[in-house]
Novice: 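Quick one: the structure is below, questions incoming.
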Amino acid sequence: MSKRVYIAATGGTIAMRRTPSGWATEPGFLAELLAGLPELQAPEMPAYDLHEYEPLLDSSNMTPRDWWRIAQDIEEHYDDYDGFVVLHGTDTMAYTASALPFFLEGLGKPVIVTGSQIPLCEVRNDARANLLASLLIAAHEPIPEVCLFFGDKLLRGCRAVKVDADGLSAFDSPNYPVLGEAGIAIEIHWNRVRPAPSPNTRFRVREVDEVAIGALRLFPGIPAAFVQNVLRPPLKGLVLEAYGVGNGPDRDPAFLAALAEATARGVVIVDTTQCLRGRVALGDYAVGTALANTGVVSGFDLTAEAALAKLYYLFSVGLPPEEVKRQMGRDLRGELTVG
């Protein structure tokens, strides 16, 4: 029996065409392009159903409610397909690929998020290879995870970051090895893939609540008043992108007081690193210890995208701040390295 894959086309460069105003999405254009791809008729390719979202989005317009919309779409079709491919713009692809693993609880089928830097309609493009490989993986490789496929690399979704605005290998997984590669053959490193849920685990989708979550990147001379304004109610969680192994200024009492006041009233502040690789270790330096003493918690080797998505998830579940802090240090979906 032929494998079946559901394609959720949210928009993005892969399905765009050139207009007088620049590249833009157009309803029905992707279906037209796919109908013209002879490779999709090959016997090893799965049957597919294409669902174009309305409206189609440039991913710069994505919001957390769109994460939930994609998750709901997968839930509604979960029992009818062997795998899922989510076509997405590259600008916020890492955020969506980081969020879906949390909100798709008990996932036992592959969900492959992909897109392209060059539209499928162009003679020279990366869209064709990304799409075909994603369809093959979704159909034939029973990976019980949300993955991001791009530039011949299969990455864990909640470990992925965009590292290149122009190149065709636009995404990387700095703190976790790739799950697979598409070379002469598609090779999956099964020892790196998370185990499938037990047979009695129920698949379900959590709704993304309208929670006030933010992100703040430290910079030399950051004014304490600016930090204080960012931390004002109704903020519930903040991803603090700090220096090195999670360091920040400890000679600015007003800066530290702003953090301490916020954590005291229940704001969860997660310390991540601005570095592409490595992990937060708040006790390595006195400047890191000063942050920890204000109530800031370590994000370890979480990407900023995964930290943000995880905060949305934990607050959407309804956990109180102290439990959110505890869960931020636990590995729930392969998003961080424990120990």
Side-chain angles (χ1 to χ4, degrees), residues 59 62-64 66-68 70-71 86 88-105 107 111-114 143-150 153-163 170-179 192-194 205-206 208-209 211 213-218 236-242 245-246 268-282 296-317 319 323-339:
S59 73
M62 282 278 179
T63 71
D66 293 303
W67 302 339
W68 183 48
I70 296 168
V86 178
H88 198 288
T90 61
D91 285 348
T92 62
M93 184 184 290
Y95 286 94
T96 298
S98 294
L100 289 178
F102 294 110
F103 291 97
L104 297 175
E105 295 183 349
L107 180 67
V111 174
I112 314 299
V113 183
T114 193
I143 302 170
E145 292 200 41
V146 175
C147 304
L148 189 155
F149 183 86
F150 215 95
K153 293 188 293 187
L154 184 69
L155 313 175
R156 175 167 292 156
C158 52
R159 291 282 193 160
V161 295
K162 188 174 183 181
V163 297
F171 290 86
D172 201 358
S173 177
N175 288 318
Y176 195 79
V178 300
L179 299 185
R192 302 171 186 171
V193 175
R194 288 174 60 80
V205 169
R206 289 281 187 176
V208 184
D209 284 350
V211 185
I213 304 294
L216 176 64
R217 185 179 178 92
L218 292 185
K236 288 192 173 183
L238 180 77
V239 177
L240 184 68
E241 297 183 45
V245 292
V268 178
I269 304 177
V270 181
D271 190 313
T272 64
T273 175
Q274 296 178 11
C275 300
L276 184 61
R277 293 179 174 83
R279 60 189 283 125
V280 167
L282 286 175
V296 170
V297 297
S298 175
F300 302 99
D301 61 350
L302 282 170
T303 65
E305 294 90 340
L308 189 84
K310 190 172 181 178
L311 280 173
Y312 270 107
Y313 169 71
L314 294 174
F315 277 109
S316 294
V317 170
L319 300 179
E323 183 61 18
V324 171
K325 288 182 181 181
R326 194 176 76 85
Q327 294 295 329
M328 287 302 300
R330 292 187 60 210
D331 178 33
L332 303 181
R333 304 288 191 272
E335 73 279 5
L336 61 80
T337 306
V338 177

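This one's a predicted model, so the numbers in the text were calculated from it and none came from an experiment. Hydrogens, waters and symmetry mates are skipped; everything else that's a heavy atom, side chains included, is used.
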Novice: Are the side chains of Trp67 and Tyr95 in contact, using a 4.5 Å heavy-atom criterion?
Specialist: yes
Novice: Which distance, rounded to the nearest 0.5 Å, do you find between the SG of Cys158 and the OH of Tyr176?
Specialist: 10.0 Å
Novice: Side-chain contact test, heavy atoms from C-beta onward, threshold under 4.5 Å: evaluate it for Val205 versus Trp68 and give yes or no.
Specialist: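 Yes; the side chains approach each other to less than 4.5 Å.
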Novice: Does Thr273 use its side chain to pair, donor to acceptor, with the backbone of Val245 at less than 3.5 Å?
Specialist: no
Novice: Out of the candidates Val280, Asp271, Val270, only one should pair with Val296 under the side-chain contact (heavy atoms from CB on, under 4.5 Å) rule; please name it.
Specialist: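 Output: one option passes, namely Asp271.
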Novice: Tell me the closest heavy-atom pair linking Ala306 and Phe102, and the distance in Å.
Specialist: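 For Ala306 versus Phe102, the nearest heavy atoms are O-CE1, 4.0 Å.
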Novice: Decide yes or no for Leu155 and Val178: does some side-chain heavy atom of the first lie under 4.5 Å from some side-chain heavy atom of the second?
Specialist: yes
Novice: When rounded to the nearest 0.5 angstrom, what is the spacing between NZ in Lys153 and CG in Asp172?
Specialist: 4.0 Å
Novice: Is there a side-chain contact between Arg333 and Glu105 in this structure, where contact means two heavy atoms from C-beta onward sitting under 4.5 Å apart?
Specialist: yes
Novice: Whether the side chain of Glu241 engages the backbone of Gln274 through a donor-acceptor N/O pair (distance < 3.5 Å, no angle test) should be reported.
Specialist: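 The answer is no, because no donor-acceptor pair under 3.5 Å joins these two groups.
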Novice: If I compare all heavy atoms of Cys147 with all of Leu179, which pair ends up nearest, and what's the gap?
Specialist: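 Minimum heavy-atom contact is SG-CD1, 3.8 Å.
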Novice: Verify whether one side chain among Gln327 and Tyr313 offers a donor that lies under 3.5 Å from an acceptor in the other.
Specialist: no
Novice: Are Thr337 and Arg159 linked by a side-chain donor-acceptor pair shorter than 3.5 Å?
Specialist: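 Per modelled atom types, Thr337 and Arg159 side chains form a pair under 3.5 Å.
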Novice: Could you pull out the closest heavy-atom pair between Pro144 and Val193, with the gap in Å?
Specialist: CD-CG1, 3.9 Å
Novice: Can you tell if the side chain of Glu305 reaches within under 4.5 Å of the side chain of Lys162, non-hydrogen atoms only?
Specialist: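 No, too far: nothing below the 4.5 Å cut-off.
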Novice: Given the rule in the side-chain contact (heavy atoms from CB on, under 4.5 Å) test, do Leu314 and Val268 qualify, once you have shown the distances and angles that lead to the verdict?
Specialist: CA-CA 11 Å; Leu314 294 174; Val268 178; over 6 Å; no
Novice: Indicate yes or no: at least one non-hydrogen side-chain atom of Phe171 is less than 4.5 angstrom from one of Met93.
Specialist: yes
Novice: Just verifying a value: how many Å separate Thr272 OG1 and Leu308 CG, rounded to the nearest 0.5 Å?
Specialist: 10.0 Å
Novice: Considering all heavy atoms of both residues, which atom of Ser98 and which atom of Ala160 are nearest to each other, and what is their separation?
Specialist: OG-O, 4.4 Å
Novice: Nearest heavy-atom pair of Leu282 and Gly246: which atoms, and what distance?
Specialist: CD2-O, 3.4 Å
Novice: Can you check side-chain contact (heavy atoms from CB on, under 4.5 Å) on Asp331 and Arg194, steps first, answer last?
Specialist: CA-CA 12 Å; Asp331 178 33; Arg194 288 174 60 80; 4.0 Å; yes
Novice: Look up atom CD1 in Ile112 and atom CD in Glu145, then write down how far apart they are to the nearest 0.5 Å.
Specialist: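 Ile112 atom CD1 to Glu145 atom CD measures 9.0 Å (nearest 0.5 Å).
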Novice: Could you measure the distance from the CG atom of Leu238 to the CD1 atom of Ile213? Nearest 0.5 Å is fine.
Specialist: 8.5 Å
Novice: List in chain and number order the residues that pass side-chain hydrogen bond (donor to acceptor under 3.5 Å, both in side chains) with Arg192, two or more places apart in sequence or in another chain; answer none if no residue qualifies.
Specialist: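 With neighbours one apart ignored, the set is empty.
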Novice: Quick one: CZ on Phe103 to CZ on Arg206, what's the gap to the nearest 0.5 Å?
Specialist: 10.0 Å
Novice: Quick one: does Thr96's side chain get under 4.5 Å of Asp66's, heavy atoms only?
Specialist: no
Novice: Which atoms form the tightest heavy-atom contact between Glu335 and Arg330, and what is the distance?
Specialist: OE2-O, 3.2 Å
Novice: Test side-chain contact (heavy atoms from CB on, under 4.5 Å) on Ile70 and Val113; report intermediate values, then the result.
Specialist: CA-CA 11 Å; Ile70 296 168; Val113 183; over 6 Å; no
Novice: Could you tell me whether the side chain of Val239 reaches within less than 4.5 Å of the side chain of Leu302, counting heavy atoms only?
Specialist: no
